[in-house]
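Scroll down for the structure; my scribbles are underneath it.
Start at 1 with the first residue, then count along the sequence. Side chains are part of it too, since the values below use all heavy atoms of this structure and drop only hydrogens, waters and symmetry mates.
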Amino acid sequence: MTTEQVRPRAAGAPAPVPAKPTRRKETTLPTSRRLRWRANAPFVLMVAPAMLVFAVFFIIPVIRTAILSLTDQSNFRPDVSFVGLENYAEALTNPQIVAGIQHSLVYAVAVVILQNLIALPIALLLHSKIPFRGGFRTIFFGPAVLSVLVVGYLWSYIFSSNDYGLLNLLLRSIGLENVNWLGDPSLALGSIIATQVWQWFGYQMVIYLAALQTINTDLYEAAALDGAGRWKSFLTVTLPGLIPAFQITIVTGLISGLKVFDVVISMTNGGPGFATETVLTLMYRKFSEGNYGLAASFGILFLIVSLLIGGLLLRVFRKLETRYS
């Protein structure tokens, strides 16, 4: 109670009317969602052009291809009918198509393994202080900047079974007979794999060189103080530090291997017979023949397989990074 005396109200006098409290003007504060939108608006505006391009050139074509794969559209009939999953059933049961899928998988796995087995030791060697290492890096990386078609035609000459084939010239010089590298079904796919390993191992080498330069040298000194030799330091320091590089080379290498097309066209055109046909060469042939629905199903199957393989590998590498971080 205040110090002022409260005067008693006289009998019969009306009760005083209490004064209305003055209302303050309420200001509506922005919600947390609005705050987040205002904070993220600049980033959204920056990525919007890229997302628009991505939608126009990837998302919309994928949707149209998926719809096309559920129809029998072709040059052989004027009308288009919905056939459901018939194209996918044919793509997974046709022996020629199944062989093409197998060739793509064999090619992708073999190229990734061989490229990494060659690129990693060379990267370790060129990371050390050897003479002319800059020149060797340039030489090994050089084939990666060439066009795949140029490389395909170049190695077609090297593998040629004629008298002017460079590899057969070397074989004859040591008393051996000519080998039909690109005409033998058991050798053709291996010849293409060797060509791609030669072209791209330098690219993988550069990735490993960049990763080696990010490893802290103090870790090697700590390992040496603990009594670790060169091999143990490689296992405990170098390999864990190369996990991000492994992630790049293996994931991108497998996906690039699955979509091999131009080197096959330039070297064997899918032959001899169907010995080097891949998923994309078969899809190309089906489009050329006018069987658009079946060809579209190839593209969707390739997309699904690539996403599954990429997602699985990224999950594995994420666990490895968490384990060794």
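Linking Ile, Leu, Val, Met, Phe, Trp and Tyr whenever their side-chain heavy atoms come within less than 4.5 Å leaves Met283 and Phe58 in two separate clusters. Under a hydrophobic clustering in which Ile, Leu, Val, Met, Phe, Trp and Tyr are joined whenever their side-chain heavy atoms come within less than 4.5 Å, directly or via other members, Leu235 and Leu242 fall into the same cluster. The hydrophobic cluster containing Leu303 does not contain Leu258, counting ILVMFWY residues as joined when their side-chain heavy atoms lie under 4.5 angstrom apart, directly or transitively. Each of Leu70 and Val83 belongs to its own hydrophobic cluster when Ile, Leu, Val, Met, Phe, Trp and Tyr are linked at side-chain heavy-atom distances under 4.5 angstrom. Residues Ile122 and Val145 are members of one and the same hydrophobic cluster, defined by side-chain heavy-atom contacts under 4.5 angstrom among Ile, Leu, Val, Met, Phe, Trp and Tyr.
The number of heavy-atom neighbours closer than 6.0 Å to CZ of Phe234, taken from other residues, nucleotides and ligands shown, is above 12. Within 6.0 Å of atom CZ in Arg64, 12 or fewer heavy atoms from other residues, nucleotides or ligands are found, so the atom counts as exposed in its surroundings. The local environment of CZ in Phe57 is sparse, with at most 12 non-hydrogen atoms from other residues, nucleotides or ligands closer than 6.0 Å. The 12-atom threshold is not exceeded at CZ of Phe136, counting heavy atoms of other residues, nucleotides or ligands nearer than 6.0 Å.
Here the shortest heavy-atom pairing between Gln247 and Leu314 reads NE2-CD2, 3.0 Å. Nearest heavy-atom pair across Val62 and Ile300 is O-CD1, 4.0 Å. Pro61 and Ala55 make their closest contact through CD-O, 4.1 Å (heavy atoms, listed as atom of the first residue, atom of the second, distance). Considering every non-hydrogen atom in both Ile207 and Ala245, the closest pair reads CG2-CB, 4.0 Å. Scanning all heavy atoms of the two residues, the minimum distance from Ile193 to Val106 falls at CD1-O, 4.5 Å. When every heavy atom of His103 is checked against every heavy atom of Phe274, the shortest pair comes out as CE1-O, 3.1 Å.
Contact annotation: the side chain of Val179 approaches that of Asn168 to within less than 4.5 Å [non-hydrogen atoms, C-beta and beyond]. Within the 4.5 Å cutoff, no side-chain heavy atoms of Val279 are placed close to those of Leu301. Side-chain contact check for Ile60 versus Ile63: every heavy-atom pair is 4.5 Å or farther apart. Side-chain contact check for Leu187 versus Asn180: every heavy-atom pair is 4.5 Å or farther apart. Looking at heavy atoms from C-beta onward, Val263 lies out of side-chain contact with Val151 at the 4.5 angstrom threshold. Counting heavy atoms from C-beta outward, Phe159 and Thr195 have side chains that approach closer than 4.5 Å.
Separating the CD1 atom in Ile158 from the CG atom in Leu166 is a distance of 5.5 Å, to the nearest 0.5 Å. Ser81 OG to Asp72 CG: the interatomic distance, rounded to the nearest 0.5 Å, is 4.5 Å. Note that CD of Glu90 and OG of Ser297 are 7.5 Å apart. Values are rounded to the nearest 0.5 Å. Distance check, rounded to the nearest 0.5 Å: CG of Leu294 to NZ of Lys286 gives 6.0 Å. Rounding to the nearest 0.5 angstrom, the gap separating the CZ atom in Arg315 from the NZ atom in Lys319 is 4.5 Å. To the nearest 0.5 angstrom, Gln204 atom CD is 10.0 Å from Ile248 atom CD1.
Side chain of Asp184 to main chain of Ser186: a donor-acceptor pair is present (N/O by atom type, distance under 3.5 Å, no hydrogens or angles). Side chain of Asn269 to backbone of Gly271: no donor-acceptor contact under 3.5 angstrom is found. Between the side chain of Ser256 and the main chain of Gly253, no donor-acceptor pair closer than 3.5 Å is present. Side-chain atoms of Gln199 come within 3.5 Å of backbone N or O of Leu146 as a donor-acceptor pair. A side-chain donor-acceptor contact under 3.5 Å links Ser173 to the backbone of Leu170. Checking side-chain atoms of Ser160 against main-chain N and O of Ser156 turns up no donor-acceptor pair under 3.5 Å. A distance-only check finds no donor-acceptor pair linking the side chain of Asn87 to the backbone of Ala295 [under 3.5 Å]. Using modelled atom types, one side-chain atom of Arg133 and one backbone atom of Ser128 make a donor-acceptor pair closer than 3.5 Å.
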Decide yes or no on side chain to side chain contact (heavy atoms under 4.5 Å, CB included) for Val264 and Tyr107, but give the supporting numbers first.
CA-CA 11 Å; Val264 176; Tyr107 172 91; 5.9 Å; no
Show your working on side chain to side chain contact (heavy atoms under 4.5 Å, CB included) between Leu92 and Val98 and close with a plain yes or no.
CA-CA 6 Å; Leu92 295 175; Val98 172; 5.7 Å; no
Give the C-alpha distance, both sets of side-chain angles, the deciding distance and a yes or no for side chain to side chain contact (heavy atoms under 4.5 Å, CB included) between Phe302 and Val305.
CA-CA 5 Å; Phe302 170 76; Val305 171; 5.9 Å; no
Does Asn178 form a side chain to side chain contact (heavy atoms under 4.5 Å, CB included) with Ser161? I'd like the steps, not just the answer.
CA-CA 7 Å; Asn178 283 1; Ser161 59; 5.8 Å; no
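With respect to Trp200, the side chain to side chain contact (heavy atoms under 4.5 Å, CB included) criterion is satisfied by exactly one of Val111, Val148, Val112: Val148. A side chain to side chain contact (heavy atoms under 4.5 Å, CB included) with Thr276 is found for exactly one of Thr268, Thr281, Leu182, namely Thr268.
Checked by atom type, the side-chain pair Tyr208/Thr249 shows a donor-acceptor distance below 3.5 Å. Counted by atom type alone, Tyr220 and Thr238 present one or more donor-acceptor pairs between their side chains at under 3.5 Å.
Ring planes of Phe261 and Tyr284: perpendicular class, angle over 60° (limits at 30 and 60°).
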